[in-house]
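This report refers to the structure that appears directly beneath it.
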Amino acid sequence: MIASKGYAAQTPTSDLAPWNFERREVGEFDVQIDIAYCGVCHSDLHQIKNDWFPGIFPMVPGHEIVGTVTAVGSGVTKLKVGDIAGVGCMVDSCRTCENCQEGLEQYCTVGSNQTYNSLGKDGTPTYGGYSNNIVVNEDFTLTIKDKENLAAVAPLLCAGITTYSPLRHWGVGKGHKLAVLGLGGLGHMAVKFGVSFGAEVTVLSTSPEKEAAAKALGAHHFVVTTDPAQVAAVKGTFNFILDTVSADHNMGMYLSLLKTNGVHIIVGVPSNPHAISAFSLIGGRRSLAGSGIGGIKETQEMLDYCADHGIVSDIEVIAFKDITASYERMVKGDVRYRFVLDLATL
Ligand code: NAP
Ligand code: ZN
């Protein structure tokens with residue numbers, strides 16, 4: 001086995017703390033990566049707190065991973081020792097179902113193997129990127145062209161692909177009015193992609209103090225959703241809303257902002273079910289949709305797109321000792337716009 005050290009939650013009520021554990025040996029098609037940076041996703045906090053479902057503990061979160069390849073199995077062709085590689089939210093899938101065959105491993109009908117809080121193909125728990133190393137099948141690694149700013153590339157592995165994928169799927173671009181709901185880790189990437197794809201982008205935010213930063217990200221308009229007059233002014237105006245909100249919110253109000261045939265795409269995952277009146281969809285033949293991360297092929301496409309277009313995440317690099325305080329700031333919406341753990345501080 002390979003010795004690993006990281007930060008783990010031992011139970012849903014304990015804070016993250018140092019923990020030593022073991023990972024599997026590097027198999028024929030495996031790659032071992034020395035992790036340099038790992039982004040902090042709101043999903044990490046949801047999962048260590050059992051917000052969604054009972055988790056597997058001890059839990060080492062982290063699914064926005066970049067680092068250097070230190071070993072490869074004899075059958076590996078995609079990467080070699082010394083290469084920079086990334087790992088996102090999945091480490092394997094059944095590979096044979098209709099969705100896997102189409103490159104939609106995130107919708108694997110058997111259930112993909114997640115990077116943490118999941119079981120691997122061998123039936124043992126997976127541990128994520130808040131740790132010094134990881135062993136992953138080569139097919140679930142990503143290659144990184146942009147080697148200049150690795151800390152800012154890390155969040156692309158989840159926040160990037162989770163917003164890129166739905167915008168591509170629904171063909172959001174020129175001639176569309178896109179509203180990005182919630183300006184956090186996912187939201188700020190949605191603004192960057194929406195602008196890059198040619199859409200007219202409005203940020204819908206509960207935080208008035210984020211307006212200047214939103215415009216600096218490229219957003220054309222900014223609406224403070226706690227101000228009824230500002231909300232009334234944009235009623236019935238958006239083709240798409242990309243909803244990145246992590247907590248309960250008033251879906252009826254947001255759905256009323258869509259044009260006829262508009263689509264509200266959910267990517268944020270509050271712990272409680274949404275309450276939605278049928279009338280809010282019937283009026284204006286609106287659609288309510290959802291989207292989960294993205295497949296490996298599309299994640300690589302997104303990384304290459306970002307490298308070619310100079311897109312990275314806006315980050316604040318943090319030390320491991322500050323992780324709990326950083327979670328508290330994230331819950332308050334006080335992050336511009338992604339915390340990234342520096343593994344040198346472990
Ligand atoms: P984040 O950085 O905390 O951003 C969430 C943003 O939502 C906040 O910055 C805030 O923006 C807004 N917000 C928070 N509470 C709100 C409330 N009560 N009402 C309205 N807006 C509120 O989180 P993240 O890492 O971007 O993740 C966002 C959500 O997406 C999480 O639930 C996460 O688990 C989920 N997620 C889903 C997928 C997927 O595959 N679908 C992948 C990754 C993450 P303002 O200050 O601008 O209001
Ligand atoms: Zn995530």
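Both ligands and their constituent atoms are indexed starting at 1 by order of listing.
On a distance-only criterion, G333 and ligand 1 share no N/O pair closer than 3.5 Å. For ligand 1, the polar-atom distance check against H249 finds no nitrogen or oxygen pair separated by under 3.5 Å. Of the N or O atoms in L183, one or more lie within a sub-3.5 Å distance of an N or O in ligand 1. In terms of polar-atom proximity, V245 is not counted as a contact of ligand 1, lacking any N or O under 3.5 Å from an N or O of the ligand. The N/O atoms of S207, backbone and side chain alike, include one that comes under 3.5 Å of an N/O atom in ligand 1. Checked against a 3.5 angstrom limit, the closest N/O atoms of G292 and ligand 1 fall outside it. Below 3.5 Å of separation, one finds an N or O of G185 facing an N or O of ligand 1. Considering backbone and side-chain N/O atoms, I293 comes within less than 3.5 Å of an N/O atom of ligand 1. Annotation: T206 places an N or O atom under 3.5 Å from an N or O atom of ligand 1; distance criterion only.
Within the listing of ligand 1, atoms 45 (P), 46 (O), 47 (O), 48 (O) sit less than 4.0 angstrom from a heavy atom of S205. Annotation for ligand 1: atoms under 4.0 Å from non-hydrogen atoms of G182 are 7 (O), 11 (O), 12 (C), 47 (O). Close contacts between ligand 1 and A247 involve ligand atoms 15 (N), 18 (N) [criterion: under 4.0 Å to a heavy atom]. Atoms of ligand 1 found under 4.0 Å from any heavy atom of T244 (numbered from 1 in listed order, with element): 5 (C), 28 (C), 29 (C). In summary, the atoms of ligand 1 found under 4.0 Å from a heavy atom of V267, numbered by their order in the structure, are 30 (O), 35 (C), 36 (N), 37 (C), 38 (C), 39 (C), 41 (N). Listed by number with element, the atoms of ligand 1 under 4.0 angstrom from any heavy atom of H42 are 1 (P), 3 (O), 23 (O), 24 (P), 25 (O), 27 (O), 31 (C). Heavy-atom proximity to M330, at under 4.0 Å, picks out these atoms of ligand 1: 3 (O). Residue contact check: G184 has heavy atoms under 4.0 Å from atoms 2 (O), 4 (O), 9 (O) of ligand 1.
Look at H63 and the Zn ion (ligand 2): an N/O/S atom of the residue is under 2.8 Å from the metal. Metal site remark for the Zn ion (ligand 2): C89 contributes no N, O or S atom at a distance under 2.8 Å.
The SG atom of C158, the Zn ion (ligand 2) and the SG atom of C41 define an angle of 130° (nearest 10 degrees).
When heavy-atom distances to ligand 1 are checked against a 4.0 Å cut-off, D248 comes that close only through its backbone atoms N, CA, C and O. At a heavy-atom cutoff of 4.0 Å, ligand 1 is contacted by the side chain of W52 but not by its backbone. At a 4.0 Å heavy-atom cut-off, ligand 1 touches H46 through the side chain alone. Heavy atoms of R338 found under 4.0 angstrom from ligand 1 belong exclusively to the side chain.
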Practice problem: Start with the C-alpha distance between Y327 and D44, add both sets of side-chain angles, then the distance that settles side chain to side chain donor-acceptor pair (under 3.5 Å), and finish with yes or no. | Solution: CA-CA 9 Å; Y327 279 156; D44 301 344; 4.7 Å; no

Practice problem: Evaluate ring pair (Phe, Tyr, Trp, His ring centres under 6.0 Å) for Y7 paired with F320, printing each intermediate quantity in order. | Solution: CA-CA 8 Å; Y7 263 49; F320 271 86; 4.9 Å; yes

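Using the six-membered ring where Trp is involved, Y127 and W19 have ring planes that are perpendicular, over 60° apart on the 30 and 60° scheme.
Remark: R168 fails to qualify as a cation-pi partner of F193 under the 6.0 Å distance and 45° angle criteria applied to the six-membered ring.
With distances taken over non-hydrogen atoms, the option nearest atom 14 (C) of ligand 1 out of S246, C158, P270 is S246.
Residues E105 and R95 are not paired through a salt bridge, judged by the lack of any N-O separation under 4.0 Å between the basic side chain and the carboxylate.
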